[in-house]
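Below is one structure, written out as structure tokens, with a few remarks after it.
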Number of protein chains: 2
Amino acid sequence: MEVSRDQLLHNGYHCAVEATIDIIGGKWKSVILYHLMSGKKRFNELRKLIPGVTQRMLTLQLRELERDGIIHREIYKQVPPKVEYSLSDFGESIVPVIELMMKWGNEHLDDILSAREKAETEATETPQLRYTTK
Amino acid sequence: MEVSRDQLLHNGYHCAVEATIDIIGGKWKSVILYHLMSGKKRFNELRKLIPGVTQRMLTLQLRELERDGIIHREIYKQVPPKVEYSLSDFGESIVPVIELMMKWGNEHLDDILSAREKAETEATETPQLRYTTK
DNA sequence: CGGGATCCAAGAGGATACTG
DNA sequence: CAGTATCCTCTTGGATCCCG
């Protein structure tokens with residue numbers, strides 16, 4: 001099923017992958033979705049599962065995922081408060097993408113790191129001759 | 001094949017999807033890769049294929065993809081210059097991920113847009129009562 | 001043609017303090 | 001517990017001009 005070019009242009013996307021990366025491309029979104037794949041999680045659970053994320057950032061990314069209809073936010077009116085995040089039905093549809101990303105990451109992490117390491121050493125050795133080389 | 005937790009921690013990643021999104025998560029990277037899937041492209045070809053990207057941004061994103069070993073940069077020493085970008089063998093391995101993202105985007109673009117539209121109207125109607133609702 | 005260099009505006013993101 | 005609010009910094013990204 002193809003999406004018409006007009007519709008894509010009208011909404012600012014010129015390519016379908018652009019829309020997808022807009023949904024899951026946030027710095028922490030894919031990781032959040034990964035952890036929600038295994039079931040609903042509370043706010044502080046996610047904080048612990050995602051070292052490095054700040055409270056503010058986690059909140060912001062969760063808000064965007066909620067706005068896009070990917071996750072559901074369940075508030076229990078009690079003291080102390082309890083909020084649970086879970087994938088919506090729509091969010092479940094993106095699970096295969098996350099799973100494939102995880103699979104690729106696991107299989108190629110070493111390649112990524114060695115490529116970066118190599119690039120770093122070359123950068124210090126050879127300052128700038130992007131045009132003159134080769 | 002699993003990656004050990006120590007290795008992930010050592011390199012700053014706590015989750016395999018984090019590594020993947022680090023590679024393709026740039027604003028234009030997934031779109032660039034999408035266009036390179038169908039064959040090598042020259043710099044200005046990519047510019048035309050990706051409306052909205054600036055020259056500077058295209059250059060920067062291409063550099064990062066090159067650094068990570070995803071794409072190859074072939075320079076033809078001639079006047080005027082000619083540079084062709086293509087997927088490396090490593091880059092080819094990520095094609096299924098891009099394809100799945102495109103598939104998902106095509107199938108769910110409408111859902112995304114309607115969710116955002118809904119969120120926008122609700123935001124103007126109901127200012128802020130995230131805790132008091134429900 | 002395919003960039004690099006520079007300047008500047010906007011947004012992402014961190015730290016800290018406070019709250020229902 | 002699960003945020004919000006504020007301030008401040010650093011990075012992203014656009015515009016423009018120049019170069020091999």
Side-chain angles (χ1 to χ4, degrees), chain A residues 12 18 21-32 35-36 40-67 71-86 123 126-134, chain B residues 12 18 21-32 35-36 40-67 71-86 123 126-134:
Chain A
E18 215 176 327
I21 207 66
D22 208 22
I23 298 292
I24 60 171
K27 192 172 181 184
W28 305 102
K29 288 184 186 177
S30 57
V31 189
I32 293 172
H35 287 298
L36 291 183
K40 55 175 62 172
K41 299 279 182 300
R42 296 183 61 171
F43 186 82
N44 275 352
E45 273 187 275
L46 287 171
R47 282 190 70 179
K48 282 166 203 159
L49 287 168
I50 311 175
V53 75
T54 61
Q55 190 179 41
R56 173 188 145 92
M57 273 295 98
L58 183 55
T59 303
L60 288 174
Q61 302 271 293
L62 286 168
R63 291 291 170 279
E64 289 186 22
L65 288 170
E66 187 192 1
R67 180 203 59 185
I71 63 173
H72 176 66
R73 183 173 181 259
E74 184 78 36
I75 307 151
Y76 296 82
K77 297 205 72 177
Q78 60 184 47
V79 181
K82 176 178 169 183
V83 178
E84 279 180 347
Y85 293 92
S86 56
T126 321
Q128 268 117 313
L129 11 140
R130 296 199 60 82
Y131 260 100
T132 43
T133 22
K134 186 178 179 64
Chain B
E18 214 175 327
I21 207 65
D22 210 20
I23 299 291
I24 61 171
K27 192 173 181 183
W28 305 103
K29 288 184 187 177
S30 57
V31 189
I32 293 171
H35 288 297
L36 291 182
K40 55 175 64 173
K41 299 277 183 300
R42 295 182 61 170
F43 186 81
N44 276 351
E45 273 188 275
L46 287 172
R47 281 191 72 180
K48 282 167 202 158
L49 287 169
I50 311 175
V53 75
T54 61
Q55 188 180 43
R56 174 188 146 93
M57 276 299 106
L58 183 55
T59 302
L60 288 175
Q61 301 273 292
L62 286 168
R63 289 293 169 280
E64 288 188 22
L65 288 170
E66 187 192 1
R67 179 203 59 185
I71 63 172
H72 176 66
R73 183 174 182 258
E74 185 79 35
I75 307 152
Y76 296 82
K77 297 205 73 177
Q78 59 185 47
V79 181
K82 176 178 169 183
V83 178
E84 279 181 346
Y85 293 93
S86 56
T126 320
Q128 270 116 311
L129 11 141
R130 296 199 59 83
Y131 260 99
T132 44
T133 22
K134 186 181 179 69

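Numbered from 1 within each chain, the chains take letters A, B, ... in sequence-line order. All values below were derived from every heavy atom in this structure, side-chain atoms included, with hydrogens, water molecules and symmetry-related copies excluded.
- Among all heavy-atom pairs drawn from B/S30 and A/I21, the shortest one is OG-CB, 3.7 Å.
- Atom-to-atom distance recorded for B/H35:NE2 and B/W28:CH2 is 10.0 Å, nearest 0.5 angstrom.
- Among residues two or more places apart in sequence or in another chain, the salt bridge (charged side-chain N to carboxylate O under 4.0 Å, His left out) test is passed with B/K27 by none.
- Rounded to whole angstrom, the span from the CD atom of A/E74 across to the P atom of D/dG3 amounts to 13 Å.
- Taking the salt bridge (charged side-chain N to carboxylate O under 4.0 Å, His left out) definition, one finds that A/K41 meets it with nothing, sequence neighbours left out.
- In this structure, A/L46 atom CG and D/dA2 atom P are separated by 9 Å, rounded to whole Å.
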Could I get a table of every N or O pair under 3.5 Å where one atom is in the protein and the other is in nucleotides 15-18 of chain D?
none

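- Of the candidate nucleotides D/dG13, D/dG3, C/dG13, D/dG13 has the atom lying nearest to any side-chain atom of B/K27.
- The phosphate of D/dG3 has neither OP1 nor OP2 within less than 4.0 Å of any side-chain N or O from A/R42.
- In this structure the side chain of A/V83 reaches within 4.5 angstrom of the side chain of A/R73, judged on heavy atoms.
- Protein atom CD of A/E45 is 8 Å distant from nucleotide atom P of D/dA2, rounded to whole Å.
- The side chain of A/R47 places no N or O atom within less than 4.0 Å of a non-bridging phosphate oxygen (OP1 or OP2) of D/dA2.
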Ignoring hydrogens and angles, write down the donor-acceptor pairs under 3.5 Å from the side chains of residues 42-59 of chain A, residues two or more places apart or on other chains.
unit_1 : atom_1 : unit_2 : atom_2 : d
A/E45  : OE1    : A/R42  : N      : 2.9
A/T54  : OG1    : A/M57  : N      : 3.2
A/T59  : OG1    : A/Q55  : O      : 2.9

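- Among the nucleotides D/dC1, D/dG3, C/dG4, the one closest to any side-chain atom of B/R63 is C/dG4.
- The side chain of A/P81 has C/dG20 as its nearest neighbour among C/dG20, C/dG2, D/dG3.
- Protein atom CD of A/E84 is 12 Å distant from nucleotide atom P of D/dG3, rounded to whole Å.
- An angle of 60°, rounded to 10°, separates the two end axes of the helix from C/dC1-D/dG20 to C/dG20-D/dC1, each defined over five pairs.
- The distance from atom CD of A/E66 to atom C1' of D/dG3 is 13 Å, rounded to the nearest whole Å.
- Nearest approach of B/L36 to B/Y85, heavy atoms of both residues: CD2-O, 3.4 Å.
- For the atom pair B/I24 CD1 and B/I32 CD1, the distance stands at 12.5 Å (nearest 0.5 Å).
- B/L65 and B/K29 get closest at one heavy-atom pair: CD2-CD, 3.9 Å.
- Residue A/N44 places its side chain closer to D/dC1 than to any other of C/dG3, D/dC1, D/dG3.
- For the pair B/R73 CZ and C/dG4 C1', the interatomic distance rounds to 11 Å; values are reported in whole Å.
- With C/dG3, C/dG13, D/dG3 as the choices, the nucleotide that has an atom nearest any side-chain atom of A/M57 turns out to be C/dG13.
- Remark on DNA chain D: of its neighbouring residues A/P80 and B/L60, the 5'-side contact belongs to A/P80, judged by nearest-heavy-atom nucleotide.
- One interatomic measurement links the two molecules: CG of A/L58 to C1' of C/dA15, which rounds to 16 Å at whole-angstrom precision.
- Following rounding to the nearest Å, B/Q61 (CD) and D/dG13 (P) show an atom-to-atom distance of 6 Å.
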Pull out every protein N or O sitting under 3.5 Å from an N or O of nucleotides 8-11 of chain C, one pair per line with the distance.
none

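- Contact annotation: A/Y85 side-chain N/O to D/dC1 OP1/OP2 distance is not under 4.0 Å.
- A distance-only check finds no donor-acceptor pair linking the side chain of B/E84 to the backbone of B/K40 [under 3.5 Å].
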